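A short write-up of the structure that comes next.
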2 protein chains.
Amino acid sequence: MESALPGRLFCQTGPAFPVRMDVCMSMKTTVEKWGIFEAAFSGRQDGNPFVDYEIKGEFTGAGETKCVDGFYDGEGVYKIRFMPSFEGEYHYKVWGTFSDCVQEGDFTVTPALAGNHGPVRVANTFHFAYEDGTPYYSIGTTCYVWALQTEELQEQTLETLKDSAFNKIRFCIFPKHYDYNLNEPYSYPYEGTPMDSSVLTPENFWDYNGRTEGNDWDYKRFNPKHFAHLEKRIQDLMDLGIEADLIVMHPYDRWGFSMMTKEEDDLYWNYVVARFSAYRNVWWSLANEYDLMPQKSLADWERYASILCEKDAYAHLRSIHNCKNMYDFRRPWVTHCSIQRVDSYMSGECVDEWRQRYQKPVVLDEIVYEGNIEHNWGNISGEEMTRRFWEGAIRGGYPGHGETYYSEDRILWWSHGGVLKGTSPERIKFLLKILQETPGHGLKLNPNRVMMREDIEATVDSLIPVPYYLFYYSYRRPVFKEFNFSDGKEYEEEVIDTWEMTIKKCGTCTGRFKIPLPGKEYMAIRIYEKGLLG
Amino acid sequence: MESALPGRLFCQTGPAFPVRMDVCMSMKTTVEKWGIFEAAFSGRQDGNPFVDYEIKGEFTGAGETKCVDGFYDGEGVYKIRFMPSFEGEYHYKVWGTFSDCVQEGDFTVTPALAGNHGPVRVANTFHFAYEDGTPYYSIGTTCYVWALQTEELQEQTLETLKDSAFNKIRFCIFPKHYDYNLNEPYSYPYEGTPMDSSVLTPENFWDYNGRTEGNDWDYKRFNPKHFAHLEKRIQDLMDLGIEADLIVMHPYDRWGFSMMTKEEDDLYWNYVVARFSAYRNVWWSLANEYDLMPQKSLADWERYASILCEKDAYAHLRSIHNCKNMYDFRRPWVTHCSIQRVDSYMSGECVDEWRQRYQKPVVLDEIVYEGNIEHNWGNISGEEMTRRFWEGAIRGGYPGHGETYYSEDRILWWSHGGVLKGTSPERIKFLLKILQETPGHGLKLNPNRVMMREDIEATVDSLIPVPYYLFYYSYRRPVFKEFNFSDGKEYEEEVIDTWEMTIKKCGTCTGRFKIPLPGKEYMAIRIYEKGLLG
């Protein structure tokens, strides 16, 4: 590759917009810990800069040295981004194949500001924590292409998220073609023109899936505006404390983005990693429903994963979401399960099996959606959605939400975002509160289950036994439950109505005792050693 | 064995009380087809007549010749019973080891009266019919020891059954010892005295299970009154058109009836068959929860089955009910599955798998009970019970009911009978109506499922395709469903509310059409070729 330097311009260095920065106050650039340092360079525009040139950077602080890829951002501008994981002085070197020069510089990493806990990591076998150690109880929702709707709708989605308990959202980089998803997206990821979508109807759309006819795309020339827009949305989510679970590939496609060659795919994966990985709230979902993409082999998925492992310098969380057949989540690159329930009846109830099988955190990214549309996966009640959340959470798993209420304007939260109409989100917020009050770090089914063998009884997921028990009765409606503690300790009892979102303290007890219940569905009991919870 | 004849007296011959008979009008005894002919003889009382003497009979009509065992009924009386399966003249010979004589005679079998359709048989692989060909859609309930409660309570149970849809009831021959079941039974099956039950409490009862201390029984001397009483109740059920699914053994026992020797067990099985098998409404359930009886081996169960196969001249239906581990229902002697769900979440939903595995009718004799007691298996809502019934029925299975509402007097339908308090029985009656309206004989999941792959769609279980489709939406709440029939036929559409028990006719349609729904749980749609139903 030739490497002439037609012109080199250091045009901007510092925290990427709109990270909060105090650079103006200082002579030296400063970046918040787990914030983004960005440098931009002008470079060659001839040929196809996405393919013909590369830019790389090496960043060195007292705690780390990392090498990362930059990317071409269009109009002769190349950028490189870096997320520092340590406070203090950093030195960087950047070089591009469009130049002989190496650009060097320094910046200072300041402490993380309030609300910035770093990227989410697997904290122990089954649970997550932010890098600063703060437990992270994943409460996800799915809005597949919320960021590719109208500007107004996107803003509405962010408003809705602001008031919700959701701390993770799954969404796609590519646009989505599916029932209720026949419109043109906000932008396209490539240069070119799409097929004429006016021919599409709810009856015929499926015939166009996975076809490329009528499209004219250059799968080797990205549309940087598309990616810059998604970055803005990832940043917006970061500001709300929400993880961006990016779905990199998916099968619901009328533009050919799911049908690209191996070379084109790899170009895409590298570009995605170079652009997005410096955002601390990014999670990688290799695909939504990878098993509905017969055009991609297992070797392809493993190759994409190897690109991630090699190029993502921050080792963001990685998984891959199934339709009918789960991926082998035991693969070393998979950090956590991202499960779609494989039957429409059971989801959260299987978490303990999956924990045992995969020995990783179990995230249930689709347990069917609250709503009332015609599709089997999108019409359960708020009660049933809440029940599934509790069934999964009580076993130490992390169920995810989605909503599909029919609307004449065909705007459904599950794909478009907008407003929430359902009754489960409020109850999910209540569940999150219970999880956050759990001593230690996360729940698991009590392996002893000595008291009432037939109930769903959780305890803390810790090596050290903690006298804390949470019983969930789901659709069962006992009018009382009996307990028997032989340890002589004094226990506090609470009756929790998971639907009404109330916690009623029932006093303290020792030994054998009975707790009356109202004979309603969706009740829980919490019992813990006196004084354990605040 | 010595065979002297101290005194022989022909004391009674004719239909067993209280079979409807017109013997008084005729010089010759007459018996209704599938009714009971009974002959009684006086014989030796010395030694132990239950063990020391036998009585047998051979019955010959134009259609059959059958040899059956009689039994000792106490106080020197031996009896023999026979259920004729054909109309016309019969000749019989009876002989006992207490006598040298052979008693012979004749009787006439008259046509079955209204409501008498004969014993229930397996009509095709998955469904039942009475012997006269009338389809039988099993709608069972469980009242384990209803017939061993107070006389008053037994009468109340029969009154309740009279108004219900239940056409099968599971109950035990032996009394039951369990939570809510600590009282003395109406009668005991053996001569002797029970342990002192005043020591029992809800806390300690389990310690006495499977123990024999404090009991004094002669396991070789039956109490004929106990069996005669059960016969009366079997006859009462017959009069109501209800099948008596007799549970011959079970593990919940403080008297030692579950701990007898092989010899004692066999004596019991032979006695039971000799007494009960002439009742056309008898089904044999070898055990409730056989797998909770480690004292009985697989060889034991197979030996009991071989006694049934050899001695029950009428080949009544035979099965065996599990707790956690299903019996191998493929065994040739098993006529149908008698399943207890193996997890508390899924029951009816698994019928299609079980049909495929066992290739026999799938009866679900326990899918947990409607109620509100503390036990996990006894506190679902009427809605959930009804939903489970539909899930099972739509797949061509036969779910069973039970009810466990807490009551201060500790009388629960599940074990004691009495009155029904739940909301599911009425809806189960409505389901039976739908089943009875199904053309052909029984439902199955539509193997084609061409229209809406994700729905639960049943069609008739017949070799000949019939244009009849039943869709059940369970907890799902679509506001509409779309259909597409490419055959050009005119179809009638009905929206069924399985909870409100309404059927709304929506008109007729051809080709592609949409049916609006109320967005509620528990809805169904029925679509059939115009004019097919009524």
Side-chain angles (χ1 to χ4, degrees), chain A residues 179 202-203 343-350 353 368-385 387-388 391 404-408 422 452-457 471 473-484 512 514-523 525, chain B residues 179 202-203 343-350 353 368-385 387-388 391 404-408 422 452-457 471 473-484 512 514-523 525:
Chain A
D179 200 6
E203 284 74 42
D343 88 46
S344 66
Y345 295 92
M346 300 267 278
S347 52
E349 295 84 354
C350 307
E353 289 170 37
V368 320
Y369 304 131
E370 179 179 348
N372 62 8
I373 59 167
E374 73 272 39
H375 303 299
N376 209 355
W377 45 261
N379 50 30
I380 62 169
S381 65
E383 286 85 344
E384 175 67 7
M385 176 59 101
R387 192 188 70 76
R388 289 177 181 219
E391 292 280 5
T404 45
Y405 278 99
Y406 181 81
S407 170
E408 280 300 322
M452 295 296 291
R453 297 182 59 79
E454 55 194 17
D455 288 325
I456 307 306
E457 175 196 339
F471 296 83
Y473 300 112
S474 190
Y475 53 75
R476 294 178 283 278
R477 312 171 307 157
V479 285
F480 66 88
K481 292 301 286 191
E482 287 176 316
F483 300 89
N484 192 2
R512 192 176 195 111
K514 191 184 270 199
I515 300 181
L517 288 162
K520 286 170 58 185
E521 292 182 316
Y522 315 129
M523 302 301 294
I525 285 178
Chain B
D179 200 6
E203 285 73 41
D343 88 47
S344 66
Y345 295 92
M346 302 266 277
S347 52
E349 295 84 354
C350 307
E353 288 168 38
V368 318
Y369 305 130
E370 179 180 348
N372 63 7
I373 58 167
E374 73 273 38
H375 301 299
N376 209 355
W377 46 260
N379 50 30
I380 62 170
S381 66
E383 288 86 345
E384 176 66 8
M385 176 58 103
R387 192 188 70 75
R388 291 177 181 219
E391 291 281 3
T404 44
Y405 277 99
Y406 181 80
S407 170
E408 281 299 322
M452 294 297 291
R453 296 184 58 81
E454 56 196 17
D455 288 325
I456 306 306
E457 175 195 337
F471 297 84
Y473 300 113
S474 189
Y475 55 75
R476 294 178 283 278
R477 312 171 307 158
V479 286
F480 66 89
K481 293 301 287 191
E482 288 178 315
F483 300 91
N484 192 3
R512 191 177 195 107
K514 191 184 273 199
I515 300 182
L517 289 162
K520 287 169 56 183
E521 293 181 318
Y522 316 129
M523 302 301 296
I525 284 177

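Letters A, B, ... mirror the listed sequences (proteins, then strands); counts begin at 1. Predicted model, so just to flag it, every value in this text is computed and none were measured.
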**Request:** Rounded to the nearest 0.5 Å, what's the gap from CG on B:Asp179 to CD on B:Glu203? Could you check?
**Result:** 9.0 Å

**Prompt:** Quick one: CD1 on A:Ile525 to CG on A:Leu517, what's the gap to the nearest 0.5 Å?
**Reply:** 4.0 Å

**Message:** For B:Glu521, give me all partners under side-chain hydrogen bond (donor to acceptor under 3.5 Å, both in side chains), at least two apart in sequence or on another chain.
**Reply:** none

Check each atom of [X] against the heavy atoms of chain B and say whether the ones under 4.5 Å are side chain, backbone, both or neither.
X: A:Thr404; value: neither
X: A:Ile380; value: both
X: A:Tyr473; value: neither

**Request:** Among B:Gly519, B:Gly371, B:Ser474, single out the residue with the greatest number of heavy-atom pairs under 4.5 Å to chain A.
**Result:** B:Gly371

**Message:** Which one wins on heavy-atom pair count under 4.5 Å against chain B: A:Glu391, A:Glu383, A:Glu384?
**Reply:** A:Glu391

**Asked** Taking NZ, NE, NH1 and NH2 as the nitrogens, is one of them in B:Glu349 or B:Arg387 under 4.0 Å from a carboxylate oxygen of the other?
**Response** yes

**Asked** Taking only residues two or more places apart in sequence, or in another chain, which ones meet B:Tyr475 in a ring pair (Phe, Tyr, Trp, His ring centres under 6.0 Å)?
**Response** A:Tyr345

